[in-house]
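For reference, the structure is listed below as structure tokens.
No hydrogens, no waters, no symmetry mates; every other heavy atom, side chains included, goes into these values.
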Amino acid sequence: MIPMMKEYRVTSPYGPRKSPINGNQEFHTGIDLVKPAYANIQAFIAGTVVYANMGQAGTGVGGFGNTVIIKDKDNYLHMYAHLKDYGVSVGQFVDRGQVIGRQGNTGKSTGQHLHFEVRKNGPSFGFGNHIHPVKYVDDFYAKECPQPEKKPVDKPMDKVSIEINGKLIPGQGYLKDGVSTLPVRAVAEAVGVTPGWCPDNKVVTVNGKQLTVTNEAGTSYAPAREIAAALGLQVEWDGSTKTVKMRG
């Protein structure tokens, strides 16, 4: 399960279950995920919005309340359902990690949650062609964006520590031409943000902002000030301890 999905609590996995609506046995075609009330819902995978509306009977999304469906580059459909509201529109491209709406309780639902479902594209938005959503997302990133090996930077560089809101994080950066350069993923995920990655041109983004990156031992690094600006953090350098301090 990718880090962005681990931010949720799973209340009903994919597979057979007893319906919370009528108590009958059924096959749950997605996974139910819960965050605090009205939490922002982010796209797990980038793609183009093909549906953003209240689910209508006969469309393949009836009963799902406010629903956003995103088609990824492999032509699979990602459904985010029972939203309180949504802030995207049909035809819009959505990046990974971009907020698409808020968690809600619309449609046939017994409480606030996100119903996330992945379908093979087809008529009625792929209704009935559901696949295991967690496995699909995991396999998508294993194929497109393999996690870099956690190897130390093998060049003779001055290492720097990273402190965020008073706490040191496990990752380290280094000084490059006098500039503090930090591991993008370690810093972003420390504040709950998953960086974007485009395998076609190897562009790394944080909150939609493209960073100037270098790759060392399979890890993407960027200047500390660029990462801080993308995350909305203040940054300062403590030369006595060789520590980059971020707050926000």
Beyond-backbone contact of [X] with [Y], side-chain heavy atoms, under 4.5 angstrom:
| X | Y | result |
| --- | --- | --- |
| Ser12 | Lys18 | no |
| Ile70 | Ile100 | yes |
| Glu117 | Tyr14 | no |
| Val94 | His78 | no |
| Tyr141 | Ile45 | yes |

Work out which heavy atom in [X] is nearest to a heavy atom in [Y]; give both atom names and the distance.
| X | Y | result |
| --- | --- | --- |
| Ser161 | Leu168 | CB-CD2, 4.1 Å |
| Val184 | Pro195 | CG1-CB, 4.1 Å |
| Ile162 | Pro183 | CD1-CD, 3.7 Å |

Q | Matching residue for Lys35 among Glu7, His113, Arg102 - test: side-chain contact (heavy atoms from CB on, under 4.5 Å) | A | Glu7
Q: Check each of Ile41, Leu33, Asn66, Thr67 against Tyr80 using the side-chain contact (heavy atoms from CB on, under 4.5 Å) test, and report the only one that passes.
A: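 That would be Ile41.
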Q: Would you please indicate yes or no on a ring centroid separation below 6.0 angstrom for Tyr174 and Tyr221?
A: yes
Q. Is the distance between the ring centroids of His115 and Phe64 less than 6.0 Å?
A.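 Ring centroids of His115 and Phe64 are less than 6.0 Å from each other.
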Does [X] use its side chain to pair, donor to acceptor, with the backbone of [Y] at less than 3.5 Å?
| X | Y | answer |
| --- | --- | --- |
| Glu163 | Thr243 | no |
| Asp95 | Ala46 | no |
| Asn165 | Gly248 | yes |
| Arg96 | Thr194 | no |
| Gln25 | Pro16 | no |
| Ser124 | Gly126 | no |
| Asn24 | Ser19 | no |
| Asp177 | Val179 | no |

Q: Give a yes or no on whether Arg17 atom CZ has more than 12 heavy-atom contacts from other residues, nucleotides or ligands under 6.0 Å away.
A: yes
If you look only at distance, which donor and acceptor atoms sit under 3.5 Å apart when one is on a side chain in residues 47-60 and the other is two or more places apart or in another chain?
from: Tyr51; atom 1: OH; to: Met54; atom 2: O; distance (Å): 2.7
from: Gln56; atom 1: NE2; to: Met54; atom 2: O; distance (Å): 3.3
from: Thr59; atom 1: OG1; to: Gln56; atom 2: O; distance (Å): 2.6
from: Thr59; atom 1: OG1; to: Val61; atom 2: N; distance (Å): 3.2

Q. Using the ring of each side chain (for Trp, its six-membered ring), is Phe44 parallel, tilted or perpendicular to Phe116, with breaks at 30° and 60°?
A.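 Ring orientation, 0 to 90° scale: perpendicular.
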Q.
Restricting to ring-ring contact (aromatic ring centres under 6.0 Å, His included), what partner residues turn up for Tyr76, sequence neighbours left out?
A.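 Testing Tyr76 for ring-ring contact (aromatic ring centres under 6.0 Å, His included), a comparison that skips the adjacent residues, returns Tyr136.
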Q. Rounded to the nearest 0.5 Å, how far apart are CD of Glu236 and CE of Met246?
A.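 Reported to 0.5 Å precision, the distance equals 11.0 Å.
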